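Data block below; observations after.
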Amino acid sequence: MARYHSYDPAEGHGLPHDPIKAIIAPRPIGWVSSLDKNGHPNLAPYSFFNIFCSAPPILIFGSEGRKDSINNIEATGEFVYNLATRRQAEAMNISSGSFAPGVDEFNEAGLEKLASETVGSPRVGGAPASFECKLLEVKALVDLDGNRLERELVIGQVVRVHIDADYLTDGLFDIEKAGTIARCGYRGDYVEVTSVFEMLRPVVGR
């Protein structure tokens, strides 16, 4: 057997399951709450998610297919990111269901809504941290041949941060205490942060 299993994604991976999402893992979960144009709440997790700028903080998440969150965010220009943790993992998973438009995933998952301060979209009660965001852009993805994919990126700027003080240790957000979870590669695979290590960037002389 060859040392490397190499393939062109366009021709298939030849493995039992696509390995790409297992290799690019763990991935933070963008647990996104929004309101539709009639004020109905929506809540859904996205594993193609991360922060891409710190000043100002800018978040991006990707949606595979046109989903209610995208329609809502385009209509209202706002959303909330809520930190997903082990304590609320099952509720987060319930909110990933393919519910009909207008169905309140907060209610389906038994979650409390907290009022936001600068946007209309509610926050998830019990989440150790939430970011209120304003929409910067919804960007359609295209492939190398210029074909539009049924994939879109949502880019938002954080305008208000909420941190539960119970998860601040000496003024630092305690990711272990929060029990932050992330998405891994296959079917229902997740990971919980249970330990961290520090490795400072080297100081290189000029």
Side-chain angles (χ1 to χ4, degrees), residues 27-51 56-138 152-168 173-183 188 190 192-193:
R27 299 185 307 280
I29 298 167
W31 200 12
V32 174
S33 51
S34 61
L35 292 176
D36 69 15
K37 61 183 179 181
N38 297 314
H40 298 129
N42 180 270
L43 180 63
Y46 292 86
S47 67
F48 292 147
F49 164 84
N50 220 310
I51 184 167
I58 292 176
L59 308 181
I60 299 179
F61 72 90
S63 177
E64 297 200 296
R66 187 75 178 189
K67 299 180 180 178
D68 294 338
S69 299
I70 311 299
N71 293 329
N72 295 350
I73 293 167
E74 277 197 326
T76 64
E78 59 187 43
F79 63 95
V80 175
Y81 156 73
N82 305 276
L83 180 64
T85 65
R86 184 65 188 90
R87 188 167 63 84
Q88 292 183 313
E90 286 72 23
M92 181 277 297
N93 192 46
I94 290 171
S95 73
S96 72
S98 299
F99 296 102
V103 171
D104 186 339
E105 287 85 358
F106 282 87
N107 289 341
E108 296 295 324
L111 293 164
E112 178 189 8
K113 299 184 190 78
L114 298 180
S116 295
E117 295 179 7
T118 64
V119 302
S121 305
R123 298 181 281 134
V124 172
S130 298
F131 299 168
E132 300 178 23
C133 302
K134 295 280 190 176
L135 176 65
L136 293 174
E137 182 182 1
V138 175
E152 293 170 302
L153 296 179
V154 176
I155 306 172
Q157 181 172 325
V158 178
V159 294
R160 189 74 170 167
V161 174
H162 303 275
I163 302 171
D164 186 331
D166 284 346
Y167 299 96
L168 290 174
F173 184 75
D174 193 330
I175 190 172
E176 292 179 68
K177 186 175 182 181
T180 299
I181 59 173
R183 194 71 170 88
Y190 290 83
E192 177 185 357
V193 175

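Note that the coordinates shown come from a computational prediction; the quantities given were computed from them, not determined experimentally.
Proximity of Leu114 to His162: side-chain heavy atoms (C-beta onward) are nowhere separated by under 4.5 Å. Put simply, the side chain of Pro41 does not reach to within 4.5 Å of the side chain of Ser33, judged on heavy atoms. Annotation: side chain of Glu132 is not in contact with side chain of Glu78 (no heavy-atom distance under 4.5 Å). Taking 4.5 Å as the limit, every side-chain heavy atom of Tyr190 sits out of range of all side-chain heavy atoms of Arg86. Looking only at side-chain heavy atoms (C-beta outward), Leu83 and Phe173 come within less than 4.5 Å of each other. Phe106 has its side chain within reach of Val124: a pair of non-hydrogen atoms, C-beta onward, lies under 4.5 Å apart. Within the 4.5 Å cutoff, no side-chain heavy atoms of Val154 are placed close to those of Ser63. By the 4.5 Å heavy-atom criterion applied to side chains, Asn82 and Arg123 are counted as neighbours.
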Given Lys134 and Val119, is the side-chain contact (heavy atoms from CB on, under 4.5 Å) satisfied, shown in steps?
CA-CA 8 Å; Lys134 295 280 190 176; Val119 302; 4.0 Å; yes
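Distance check, rounded to the nearest 0.5 Å: CD of Glu74 to CG of Asp36 gives 14.0 Å. In this structure, CD in Gln157 is found 5.5 Å from CG in Leu136, a value given to the nearest 0.5 Å. Between Glu152 atom CD and Glu137 atom CD the span is 11.0 Å, to the nearest 0.5 Å. If you take CD1 on Ile73 and CD1 on Ile155, they are separated by 12.0 Å, rounding to the nearest 0.5 Å. One distance of note links CG of Asn107 with NZ of Lys113; it measures 4.5 Å at 0.5 Å rounding. Here the CD1-CG distance, from Ile70 to Leu135, works out to 9.5 Å after rounding to the nearest 0.5 Å.
The two residues Pro128 and Tyr167 come nearest to each other via the heavy atoms CB-CD1, 3.6 Å. For the pair Ser121 and Val80, the tightest heavy-atom approach, listed with the atom from each and the gap, is O-CG2, 3.5 Å. Residue Leu111 comes nearest to Gln88 through the heavy atom pair CD2-NE2, 3.7 Å, listed as atom of the first residue, atom of the second, then distance. Gly188 and Arg183 make their closest contact through C-NH1, 3.9 Å (heavy atoms, listed as atom of the first residue, atom of the second, distance). The minimum heavy-atom distance between Arg87 and Gly126, with the atom names listed, is NH2-O, 2.8 Å. What you find for Met92 and Ile29 is that their closest heavy atoms are CE-CD1, 4.0 Å.
Residues that satisfy the side chain to side chain contact (heavy atoms under 4.5 Å, CB included) test with Ala44, not counting sequence neighbours, are Asn42, Tyr46, Ser69.
The list of ring pair (Phe, Tyr, Trp, His ring centres under 6.0 Å) pairs with a residue in residues 66-87, not counting sequence neighbours, reads Phe49-Tyr81, Phe61-Phe79, Tyr81-Phe131.
For Glu105 (side chain) and Ser95 (main-chain N/O), no donor-acceptor pair under 3.5 Å exists by modelled atom type.
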